[in-house]
Structures are given as structure tokens and as C-alpha cells.
Amino acid sequence: MTDLPDVHRRALAATGLIVAGIKPDQLDAPTPCEDYDVGGLLNHLISGNFWVAPLVEGKTIAEVGDTLDRDFSIEEYDRSAEEANAAFSGPGAMQKPVAVSYGPVPAEVYAGHRFIDVLIHGWDLAKATGQDTTLDPELVVACREVVAPQADLLEGSGMFGTEVEVPPDADPQTKLLATLGRRA
């Protein structure tokens with residue numbers, strides 16, 4: 001089984017390199033994620049990272065409230081990534097119950113969803129800003145392991161888009177992106 005804190009940490013770092021390459025004049029650029037431009041998607045990622053610690057610590061969405069409802073700067077990505085990593089890497093963190101919008105789940109489930117979010121939206125940001133879109137092959141394999149048993153659920157959630165057809169001999173990254181509605 002995938003070591004979720006490890007792959008999540010590695011995805012945060014990889015996406016951090018992409019975030020560091022975003023230029024201020026690219027924030028209004030469209031992304032493959034139809035609901036967001038670059039600035040909106042960056043804000044979504046940073047906010048999502050900041051949500052991890054309070055939820056893993058046992059707070060509910062209502063208790064966190066609107067404290068994270070604001071625009072974040074590019075510079076806040078690293079701190080948000082450090083906080084999310086620390087929360088998921090703590091002793092016993094993966095077994096803690098987390099009250100997320102789709103019900104109380106073990107933090108392990110939440111960490112898997114955050115891993116997918118960080119890795120794939122990192123690719124979205126790279127694509128939108130003309131950066132290298134090559135994902136770490138080990139993270140691609142790990143992400144496919146997390147996605148496979150819940151691909152229908154993820155597609156139905158509307159979080160990633162409808163699966164795109166690709167040839168059977170497509171590379172693993174292309175297959176992963178296609179499963180999540182992305183065209184490589």
C-alpha cells in the first residue's frame with residue numbers, strides 16, 4: 001500500500017516548484033480545470049493545504065468556519081504545504097477521524113484525496129503556465145493506486161472531470177490524467 005504521508009509530501013514539493021515558477025501576470029490565465037484560472041486554482045490548493053491541520057486535529061468544518069475564506073498569495077504556498085505535511089505525518093495521524101464535507105472518514109482517506117488534488121492541480125498549473133508537465137513516475141503510480149478504487153466516485157463528484165479516452169498503450173501519466181478528465 002502507498003505511504004500516503006510520503007507521497008503527499010512529495011506531491012506538495014513537486015507542486016511547490018511549479019508554484020514558484022508562476023509569474024504574477026499568469027494569475028488570470030485559464031487552466032485545464034474549468035472552474036479556475038491560475039490564481040483561483042492556486043488559492044484552492046493553498047486553502048486546501050491550510051484546512052488539513054485543523055481537520056486532522058479534530059475540528060469540524062463548522063468550527064473552522066470562514067477563517068480560511070480569503071485570497072492567498074503565491075508566497076503562502078510553502079507554509080501551507082509545511083502545515084499540511086506536518087499534520088498528515090504526525091504519529092497516528094492516518095487513523096484519526098476527519099470530519100470532511102463527504103462525511104467522517106479516517107485521515108488516510110482524506111490524505112489520499114489531498115494527494116490527488118495536489119498532484120493533479122500541480123499538473124494543471126504547469127500546463128496553464130507553460131512549465132514542464134512531466135509528473136514524477138513514482139507519484140503517478142501511487143496516484144493511480146489511490147484513484148483506481150474510487151474513479152467512479154471521483155468522476156461523479158465533479159472534482160476532476162469526465163474520463164477522456166486514450167489509446168490502451170498510453171503511458172501511465174497520460175492514463176492517470178485521462179481518468180481524471182485531463183488531456184495530456
Side-chain angles (χ1 to χ4, degrees), residues 2-24 26-29 31-126 128-129 131 135-136 139 142-143 146-147 150 154 157-160 180:
T2 299
D3 179 346
L4 287 170
D6 178 59
V7 295
H8 178 258
R9 174 180 31 261
R10 291 171 54 203
L12 287 167
T15 295
L17 294 174
I18 294 163
V19 168
I22 296 172
K23 296 172 182 66
Q26 294 177 312
L27 295 175
D28 293 328
T31 71
C33 188
E34 295 176 5
D35 293 340
Y36 296 107
D37 60 13
V38 169
L41 188 54
L42 184 61
N43 204 55
H44 167 75
L45 276 174
I46 293 170
S47 175
N49 288 342
F50 279 131
W51 271 95
V52 174
L55 293 180
V56 172
E57 290 167 5
K59 289 188 178 176
T60 65
I61 292 171
E63 288 171 329
V64 176
D66 62 1
T67 60
L68 297 172
D69 291 349
R70 65 179 179 86
D71 288 331
F72 296 94
S73 68
I74 292 174
E75 295 77 23
E76 290 178 280
Y77 179 84
D78 289 340
R79 185 170 60 88
S80 75
E82 288 169 15
E83 288 185 20
N85 174 51
F88 282 142
S89 298
M94 292 295 95
Q95 290 71 45
K96 291 183 178 181
V98 178
V100 291
S101 60
Y102 43 91
V105 297
E108 181 178 46
V109 171
Y110 180 44
H113 291 168
R114 288 297 309 146
F115 166 53
I116 296 167
D117 206 46
V118 170
L119 185 68
I120 300 305
H121 287 324
W123 180 88
D124 290 334
L125 289 171
T129 59
Q131 297 183 57
L135 298 173
D136 178 327
L139 293 180
C143 196
V146 173
V147 168
Q150 53 189 326
L154 290 170
S157 75
M159 293 187 327
F160 289 102
L180 298 172

Quiz item: Does T15 have any side chain to side chain donor-acceptor pair (under 3.5 Å) partners at least two apart in sequence or in another chain, and if so, which?
Solution: none
Self-check item: Inter- and intrachain pairs under salt bridge (charged side-chain N to carboxylate O under 4.0 Å, His left out), touching residues 53-67, at least two apart
Solution: none
Quiz prompt | Residues which pass side chain to side chain contact (heavy atoms under 4.5 Å, CB included) with I61, listed by chain and number, not counting sequence neighbours | solution = W51, L55, S101
Quiz item: Got a sec, which pairs hit salt bridge (charged side-chain N to carboxylate O under 4.0 Å, His left out) with one end in residues 70-86, sequence neighbours left out?
Solution: R70-E76, E76-R79, R79-E83
Quiz prompt | Y77: partners by ring-ring contact (aromatic ring centres under 6.0 Å, His included), with sequence neighbours left out | solution = none
Quiz item: From L42 CG over to D124 CG, what is the distance, rounded to the nearest 0.5 angstrom?
Solution: 12.0 Å
Practice problem: Compare all side-chain heavy atoms of L45 with those of F72 and state whether any distance is below 4.5 angstrom. | Solution: no
Quiz item: Of all residues at least two apart in sequence or in a different chain, which pass the ring-ring contact (aromatic ring centres under 6.0 Å, His included) check with F115?
Solution: none
Self-check item: Donor + acceptor pair across side chains of H44, D35 (<3.5 Å)
Solution: no
Self-check item: Candidate list V147, L139, V146, test side chain to side chain contact (heavy atoms under 4.5 Å, CB included), partner C143, passing option
Solution: V147
Just distance, no hydrogens or angles: give the donor-acceptor pairs under 3.5 Å from side chains in residues 91-99, sequence neighbours left out.
none

Quiz item: Would a 4.5 Å heavy-atom cut-off, applied to side chains only, mark L12 and N49 as touching?
Solution: yes
Self-check item: All side chain to side chain donor-acceptor pair (under 3.5 Å) counterparts of N85, not counting sequence neighbours
Solution: R9, S89
Self-check item: N43 vs I46 side-chain heavy atoms within contact, under 4.5 Å
Solution: no
Practice problem: Not counting sequence neighbours, which residues clear salt bridge (charged side-chain N to carboxylate O under 4.0 Å, His left out) with D136? List them please. | Solution: R10
Practice problem: Name all residues meeting the side chain to side chain contact (heavy atoms under 4.5 Å, CB included) criterion together with Q26; count only those two or more places apart in sequence or in a different chain, and write none if there are none. | Solution: I22, K23, T129
Quiz prompt | D6 CG to L4 CG distance, which is reported to the nearest 0.5 Å | solution = 9.5 Å
